[in-house]
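Chain naming here is simple, since letters A, B, ... match the order of the sequence lines and numbering starts at 1 in each. These numbers come from the heavy atoms of this one structure, side chains and all, not from hydrogens, waters or symmetry mates.
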Amino acid sequence: MNKTLRLIRTMLKMQYSLAGKSSGEKIGYVLLAIFLIPFSGIIISVLNAIVETLYDQLAPTGNENALLGLLFVGMTIVLLFVSLSSVLSSFYFAEDIEGFIPYPFHPYQLLAGKAAAPFINLYVTSGVLMVPILTLYGIHSGAGFTYYIFALLLFLVFPVIPFTMMAILLMFFMRFANIAKNKDRTKVFAGLLTFVFIIGFNVIIRLNQNPEQTAEGAAQLIEQQNGLLNVITGMIPTAYFSTMALQNAKGLNGLFFLMLMLAISAGAIFLFLTAGQKFYFKGVLGLTAGSTKKFDSGKVAKKIKSQPVFLALLLKELRIIFRTPTFFMQIVVQSLFGPVFLIVILVFESSSGSIGALGSMLEQFDGKAPLLLLFIFTLFILGVNPASYSSISRDGRSWPANLYLPVSAKTVIFSKVMTAWLINLLSIILLAVVGLTVVPMPPALFTAWIALTFLASWFTSLVGTALDLNDPKLNWTDEQEVFKSRFISLIALLIEMGTFGCIVLLLWNIDSLQSLWMTSLLLALLLGLAIVISHIVLQKLIRTKFLKTR
Amino acid sequence: MITIKNVTKEYAGKTAVKNLDLVVPDGKIFGFLGPNGAGKSTTIKMITGILPIDDGIITVNGYDIASQPIEAKKIFGYVPDSPDIFLRLKGIEYLNFIGDIFDIPKDTREEKIEDLTKSFGIYEALDDHIQTYSHGMRQKIVVSGVLLHDPDVWILDEPLSGLDPKSSYTLKEMMREHAAKGNTVFFSTHVLEVVEQLCDEVAIINKGKLQFRGNMKEMKEQFEADETLEKVFLELTSNE
Ligand SMILES: Nc1ncnc2c1ncn2[C@@H]1O[C@H](COP(=O)(O)OP(=O)(O)OP(=O)(O)O)[C@@H](O)[C@H]1O
Ligand SMILES: [Mg+2]
């Protein structure tokens, strides 16, 4: 036990230590904390309004606990997703495990150490939503002291089940991924498969609910106490148990459900460690090995072609992104999450006909409003562009090659901006497909929107690359570190959304500006200006930082 | 020819190289020796433009690395001390990349890649990711990259450390040929036998300062003639 704790501490220290961070980064943390104070105030007041309204509406029929049920169900789904990406990266993509294997540790001990970092992610995630909502619910329902104790305990154990379920599922898939020949590709694939598995699972649940029936049933369900809760938590028993525990926090009944939750969680941990002891090494050992094949005589000629330097650099960047599992997950898959999610939701909703209505609604409004909304929404999706803010850091120890090879700094940097833009193109194409098929958008609006999106994408690519060049992280031993505990993504988003949020708000409120074309033209001009400014800043950074970067 | 004039480099308060003056002439194999942490890699990184120079001037065939970097970089080829770069590229992709950067015509590229990788015995692994290469194989692919663009000046940081005897022999032969054609070969090493059989001239650096520069004969003459190179080296670098 002692050794396991030591191991956990060491592993955490290696990932989260502030030592060796530049002072710029430390200042960044402080600034971020300051930024977050007003932000969290807004969030809490919004949450408060939601909890209050729902509580007041549900309480008369004795269905207020559906609110808790909804929270726990929602949290389960969110935690499953967070677990997926953090387990995958911590257990399988992070190659630091090789450093520990030669020491006499049991698989379950290493697994416990590796689970620590994902757990921190999970607690941060659930802390953001669960803590304020549970507290607000407690206040509105006038709950007693035991409620808060129960809530705290539930907060602590609740992430255990989604995490262990996801981890066991992944360990199982990975055990087979490890047999494959091209392991880099297969481990990404296994991750995606698990993702599809969860989505599919949700789809099946949704499809089994006949919408008319549920609408009709809901009216009846509300009549009876707990009726709504039973439906909401139907598929996720732990959400039901947690709700019941909190609901009855005063009585023995509540204690029973709390104990049940604790017991299930303990059982899940046991199951996780047992499964880990059995499967983990089979999945992870040798997973970093690549495939090799023999290069036959005379093949050289076929593999060689001359390209301009810029294209050679661009291809190199794309190859590295698509071949490195961590980069692929964090950059390509992550940036597609938003659009894919949108499509899944839209496809669902379109069966109920509400999307068609949205399309005709857009048609009616054919002024500036839909364009401005679409624009800011797309900017948000493109702003979350890890390809841009990992531009420099991705190179890691290969970075010096940019310094000793005879290529100008400008060519190197702009090949990276171009890479980020191209990766964004994937999201744009997906969004465009949605705009053309699922939501039938008016052609004028569609054209204006797509044109602006191309410009916006260049802008976010420039901003991200400039920020990374300003303070890159090159000394990583594991690709995860390029993305972990760096606030660069938030800063990028703040810059982009800050400027264009204000601009959109301004345009929205200028009454004399109504036409779609004028608005697009104005936005295009402003984007052009933003691009010119970012170019100048980036050029300056190239002059001052490029050679000093290492 | 490489000229290093009064060059100084500090790392966060610690001086790694101090007032170094060194000229690496054409047509000779020049060895750069010194104990661990002496400042060899630091010097080489300044020559190649990886580290900015705090003070002093470095030129490669007359081009100042600080003010005419691209021109200078076209002239030299560099083998870094750690060959762990571009691991996610395939060997052939790496060589092709170098070919694009240095504008090497397609048919020259084809011919040279085949010749070089066959003589180093990594031809069959060309279609694999560099990640799957052994340490020595990685070194060979980097060396092949340098030889592919055939620069006048070779700058090699411990190029022989991971190579097997045959490849080591091949590379040494190549270094001799290159110098014999009147070019510059500058390399760092710890292996004194290599120095003895290969180098025309040597420089010994310790704690960032030049301790000795001259040819092998001068070096032995400075001490009693019967001393081994090992003893000479130990003596030169032992003074605190
Ligand atoms: N990135 C760095 N940051 C701080 N100090 C460094 C850094 N790199 C090297 N040094 C210091 O500079 C000095 C010279 O190091 P250098 O790498 O040039 O030695 P070397 O002669 O190449 O040694 P070796 O034979 O071990 O390769 C050492 O004292 C080392 O501690
Ligand atoms: Mg060295």
Side-chain angles (χ1 to χ4, degrees), chain A residues 95 182-184 288-328 394-412 479 546-550, chain B residues 44-45 47-52 65-66 69-78 80 82 84-107 109-111 113-114 117-118 122-133 142 145 149 151 155:
Chain A
E95 286 169 9
N182 188 332
K183 295 184 184 183
D184 271 356
T288 58
S291 65
T292 55
K293 46 190 174 308
K294 216 167 143 183
F295 198 59
D296 299 321
S297 219
K299 244 171 106 182
V300 163
K302 260 183 273 158
K303 293 267 174 180
I304 285 175
K305 53 174 176 297
S306 273
Q307 294 148 341
V309 173
F310 188 79
L311 191 62
L313 288 166
L314 187 68
L315 275 180
K316 181 206 81 184
E317 294 291 327
L318 288 173
R319 281 192 175 120
I320 289 173
I321 290 178
F322 279 88
R323 282 180 191 167
T324 313
T326 307
F327 292 159
F328 185 77
R394 271 201 312 266
D395 276 354
R397 286 166 209 270
S398 298
W399 170 257
N402 294 317
L403 302 172
Y404 67 74
L405 290 175
V407 186
S408 74
K410 228 159 104 181
T411 316
V412 171
E479 290 99 0
F546 190 82
L547 284 177
K548 298 209 184 94
T549 296
R550 68 189 46 83
Chain B
I44 290 179
K45 282 179 180 160
I47 301 174
T48 52
I50 297 174
L51 282 177
I65 186 68
I70 303 285
E71 289 84 351
K73 287 171 190 177
K74 282 189 177 150
I75 291 170
F76 68 75
Y78 164 58
S82 145
D84 304 329
I85 53 171
F86 298 122
L87 296 181
R88 298 280 172 182
L89 293 187
K90 294 174 175 180
I92 185 77
E93 289 168 351
Y94 172 73
L95 294 178
N96 205 28
F97 175 71
I98 294 293
D100 286 334
I101 300 265
F102 286 92
D103 270 328
I104 298 158
K106 188 171 179 296
D107 27 345
R109 222 185 272 194
E110 238 174 82
E111 203 178 301
I113 289 179
E114 194 147 346
T117 53
K118 275 186 176 156
I122 50 169
Y123 182 80
E124 290 187 346
L126 274 182
D127 206 21
D128 300 334
H129 293 169
I130 298 179
Q131 183 117 35
T132 67
Y133 289 15
V142 176
H149 68 90
I155 301 169

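- Heavy atoms of A/Leu315 lying under 4.5 Å from chain B are absent altogether.
- Neither the backbone nor the side chain of B/Leu95 comes within contact range of chain A; no heavy atoms are under 4.5 Å apart.
- Atom CD1 of B/Ile50 and atom OH of B/Tyr78 lie 4.0 Å apart (nearest 0.5 Å).
- Not counting sequence neighbours, B/Glu71 has no partner by the salt bridge (Lys or Arg N to Asp or Glu O under 4.0 Å) test.
- The line from CD1 of B/Ile113 to CD1 of A/Ile304 is 3.5 Å long, rounded to the nearest 0.5 Å.
- Rounded to the nearest 0.5 Å, atoms CZ (A/Arg394) and CZ (B/Arg88) are 13.0 Å apart.
- In this structure, B/Asp84 does not pair ionically with A/Arg397, as no charged nitrogen and carboxylate oxygen lie closer than 4.0 Å.
- Of the two parts of B/Ile70, the backbone and the side chain both hold a non-hydrogen atom closer than 4.5 Å to a non-hydrogen atom of chain A.
- Between chain B and the residues A/Gly396, A/Pro308, A/Ala312, the most heavy-atom pairs under 4.5 angstrom are made by A/Ala312.
- Ring-plane geometry between B/Phe86 and B/Tyr94 is classed as tilted, the angle between the planes lying from 30 to 60 degrees on a 0 to 90 degree scale.
- For A/Arg319, the part lying near chain B is the side chain, with the backbone staying farther off; criterion is any non-hydrogen pair under 4.5 Å.
- Of the two parts of B/Lys90, the backbone and the side chain both hold a non-hydrogen atom closer than 4.5 Å to a non-hydrogen atom of chain A.
- Options B/Ile75, B/Ile65, B/Ile85, B/Ile47 differ in how many heavy-atom pairs under 4.5 Å they form with chain A, and the most are formed by B/Ile85.
- Going from atom CZ of B/Arg109 over to atom CG of B/Asp103 covers 8.0 Å, rounded to the nearest 0.5 Å.
- Among A/Leu313, A/Leu405, A/Val407, the residue with the largest count of heavy-atom pairs under 4.5 Å with chain B is A/Leu405.
- Contact of A/Ala401 with chain B is made through the side chain alone, with heavy-atom distances under 4.5 Å.
- Within the 4.5 angstrom heavy-atom criterion, atoms from both the backbone and the side chain of B/Ile101 approach chain A.
- Of the atoms belonging to B/Glu93, it is side-chain heavy atoms, and not backbone ones, that fall under 4.5 Å from chain A.
- Around the NZ atom of B/Lys106, the shell of radius 6.0 Å holds more than 12 heavy atoms that belong to other residues, nucleotides or ligands.
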